[in-house]
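Reckoned from all heavy atoms, side chains included, excluding hydrogens, waters and symmetry mates.
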Amino acid sequence: MSEAKPQSKSAHILNLSKDSIVYGIGIVTANFSALILTKMLTTTLTIADFGTLDIIQSFIAIASAFLGFYMESALIRYYYDYDARGRSTLIFTHLSSVIIIGLAAVVAGVLVKEYLSQMLLRKDITTIIQWYYFLAIPTLLVYQHIVSVLRIMRKAKILIAYTIFVSVIQVLFVTFLVFWHHFGVNGVFVSIVLSQTIGAVFFFSYFWRHYEARYCIVAIKKLLKYGVPLLPDMLLGFVISYCSRYFLMTYHEGKSIGMFSVAQKIASFVAIGIGAFRSSWIAYVFSIEGKGEGNNEFYKYVFSTYLKTMWIIVALLIVYCSDAIMIVSKREYLPSTFSVGICAVAVALQGSIYIVNIGIHISKKTKYYIIISLCGATSMILAGSLLIPRWGLEGAALAHVITQLLMVIIAYTVSGQLYRINFNIYHLVVFTITILMLSLFNYGNYLNTNLLVKTAMTMAIGTTGYVILKKEFNFVVHNILRQRRTP
């Protein structure tokens with residue numbers, strides 16, 4: 001029997017597009033629920049309390065990622081090396097280990113909660129970190145890794161159902177505890193713990209019914225051997241994430257963190273598209289590389305199309321950022337309008353890193369992640385210390401853009417040496433310069449207050465988007481519809 005021919009660039013584009021669309025349904029739902037929660041919390045909490053919540057949630061998110069020991073990346077790396085039984089064992093070992101590590105973190109967190117309160121929060125903040133806040137670490141850790149497992153297993157329908165289920169339950173709990181009964185920050189963390197625990201129970205009941213649940217010491221050693229050397233990269237990621245908040249706390253009033261948090265959450269509109277893409281990108285690359293079907297032209301095409309798409313999304317967000325603030329928060333947060341567009345640029349640049357560093361993934365030279373993150377952390381400290389004391393929210397947003405742009409360039413350089421892909425870096429330069437110029441044009445909320453200018457800019461961005469993405473859009477839609485019609 002003759003071997004199957006490698007798929008063409010067009011086939012890869014179509015498959016990746018279909019995966020991104022399917023996963024995007026669940027991600028859009030999760031992000032929509034996050035926006036509903038933001039609206040409820042900004043309405044119920046003061047700006048200072050919302051900033052405090054953001055600091056604690058950021059710490060828990062970083063702690064959860066750190067305690068995952070990069071086993072998520074290791075799972076993606078080794079999953080396609082096993083047969084069906086080996087994959088079940090690998091997944092169960094992975095998730096069981098995550099639960100054990102998370103519960104140990106709860107005990108450690110309770111013992112040092114007084115120190116963490118002093119380290120993370122300003123002296124004038126009255127919120128006290130409660131012991132049950134730390135329960136959010138294992139529940140968030142398990143939630144993130146279940147999502148990763150379902151993504152790797154290509155269980156799109158179950159992934160969508162799971163994310164929607166957990167998101168809806170969390171919204172209901174927050175509505176009951178925070179919006180109706182005014183439990184404040186405490187109610188938020190109780191809602192997170194309960195919703196994600198219920199979601200985990202339902203997932204494991206599904207897994208035990210359909211797959212073999214067997215723990216393997218060899219498998220966990222293999223996962224940890226891959227992931228543990230990357231922990232410095234995670235610590236540096238914490239520096240990048242927390243640095244702007246530290247400088248805002250140090251040089252500006254407490255509510256500035258709440259303002260910056262809302263700007264970042266609105267900028268996460270951009271992350272809806274990025275999240276759908278990320279959910280399928282790395283797993284898809286490893287699956288085609290494992291078959292020997294890697295395609296440089298396909299990788300370059302993805303990078304170019306990603307930047308074009310992000311340009312349209314970020315440009316529209318800049319034009320309508322004040323409207324977005326009023327939708328997801330309230331008028332008191334309008335001073336963060338200018339920061340929204342700049343934060344969106346940083347989010348888009350961060351997403352492009354996942355494309356340009358594909359050479360590091362393929363060559364398995366993961367030590368370079370640490371070099372990239374070290375440069376990023378250094379850039380964030382220097383840029384933050386210079387810009388934030390002077391320009392506040394805008395300085396914090398610009399510091400993130402500078403950091404992410406530097407990390408993209410370094411990742412592009414390193415990855416290109418390991419796996420030769422000639423990404424068109426010109427598109428990256430054009431994207432960054434034009435979007436920042438549009439953000440500066442919007443300084444003083446000019447675009448958002450002048451209806452005529454807003455309408456003209458919307459038409460210009462829409463026309464530009466149609467011109468630069470017409471070929472790609474028509475190709476994907478035509479082929480998906482053609483496949484659906486084919487018996």
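- Note: His400 and Phe260 have parallel aromatic rings, judged against thresholds of 30 and 60 degrees for the angle between ring planes.
- A distance-only check finds no donor-acceptor pair linking the side chain of Ser415 to the backbone of Tyr412 [under 3.5 Å].
- More than 12 heavy atoms of other shown residues, nucleotides or ligands fall within 6.0 angstrom of atom CZ in Phe165.
- Side chain of Thr44 to backbone of Leu41: no donor-acceptor contact under 3.5 angstrom is found.
- Contact between Phe431 and Ala348 at its shortest, heavy atoms only, is CZ-CB, 3.6 Å.
- Between Ser373 and Met407 the shortest heavy-atom distance is CA-CE, 4.3 Å.
- Of the possible polar contacts, none joining the Ser336 side chain to the Ser339 backbone as a donor-acceptor pair under 3.5 Å is found.
- Using a 4.5 Å heavy-atom threshold, the side chains of Val171 and Ser167 count as separate.
- Here the side chain of Thr337 pairs no donor or acceptor atom with the backbone of Ser322 at under 3.5 angstrom.
- The minimum heavy-atom distance between Tyr133 and Ile60, with the atom names listed, is O-CD1, 3.5 Å.
- No side-chain heavy atom of Leu140 sits under 4.5 Å from any side-chain heavy atom of Ile192.
- Of the possible donor and acceptor atoms, none in the side chain of Thr432 sits under 3.5 Å from a partner among the backbone N and O of Val429.
- Judged by distance alone, with hydrogens and angles left aside, the side-chain atoms of Ser304 form no donor-acceptor pair with the main-chain N or O of Lys300 at under 3.5 Å.
- Within the 4.5 Å cutoff, no side-chain heavy atoms of Phe134 are placed close to those of Val193.
- Counting heavy atoms from C-beta outward, Val190 and Phe183 have side chains that stay 4.5 Å or more apart.
- What you find for Ile318 and Cys321 is that their closest heavy atoms are O-SG, 3.2 Å.
- Nearest heavy atom pair, residue Cys375 against residue Ile410, reads CB-CD1, 3.4 Å.
- Using modelled atom types, one side-chain atom of Lys330 and one backbone atom of Thr42 make a donor-acceptor pair closer than 3.5 Å.
- Checking Ser256 against Tyr251 by side-chain atom types alone, no donor-acceptor pair falls below 3.5 Å.
- Residues Asp54 and Arg245 come closest through the heavy atom pair OD2-NE, 2.6 Å.
- Between the side chain of Ser352 and the backbone N or O of Leu349, at least one donor-acceptor pair lies under 3.5 Å.
- Ring geometry for Tyr246 versus Tyr242: interplanar angle of 30 to 60°, hence tilted.
- When the shell of 6.0 Å around OH of Tyr132 is examined, it contains more than 12 heavy atoms from other residues, nucleotides or ligands.
- Proximity of Tyr368 to Gln417: side-chain heavy atoms (C-beta onward) are nowhere separated by under 4.5 Å.
- For the pair His145 (side chain) and Met71 (backbone), a donor-acceptor distance under 3.5 Å is absent.
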